[in-house]
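Note sheet for the following structure.
Remember, predicted model here, so these are calculated numbers, not experimental data.
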Amino acid sequence: MGEDVTGCVIALIGISIISFSGTTMHLNPIGDILSVGAAMVWSFYAVLSKKMGAFGYSVIQTTRRTFFYGILFMIPALYFFDFKWDL
């Protein structure tokens, strides 16, 4: 478990360095928060999927279910935002 936490911390530090780089520290709060938040969510997902694999669940099956529920819960958001289906 120590390697997982270390990897997550290193990833978050890297994203923070990229987000907050520059000599004048000009911040774009929305973009910076979104990028750090995405790194945090991905690190939690990576750690949790590895732990689920240790319990005997198939990594492919849990990834498929995660994406299915993610899509299922995002479909109602299409009606609240200005989404246009255009191929």
- Note on the structure: Rounding to 0.5 Å, atoms CH2 (Trp42) and OG (Ser49) come to a distance of 7.5 Å

- Message: Just checking Tyr45: does its OH atom have more than 12 heavy atoms from other residues, nucleotides or ligands closer to it than 6.0 angstrom?
- Response: yes

- Query: Taking only residues two or more places apart in sequence or in another chain, which ones pass side-chain hydrogen bond (donor to acceptor under 3.5 Å, both in side chains) with Thr62?
  - Reply: none

- With rounding to the nearest 0.5 Å, note down the distance linking OG1 in Thr66 to CD1 in Ile71. 11.0 Å

- Message: If I take atom CE from residue Met74 and atom CZ from residue Phe67, how far apart are they, to the nearest 0.5 angstrom?
- Response: 11.5 Å

- Please identify each residue that fulfils side chain to side chain contact (heavy atoms under 4.5 Å, CB included) with Leu72, with sequence neighbours left out. Phe68, Tyr69

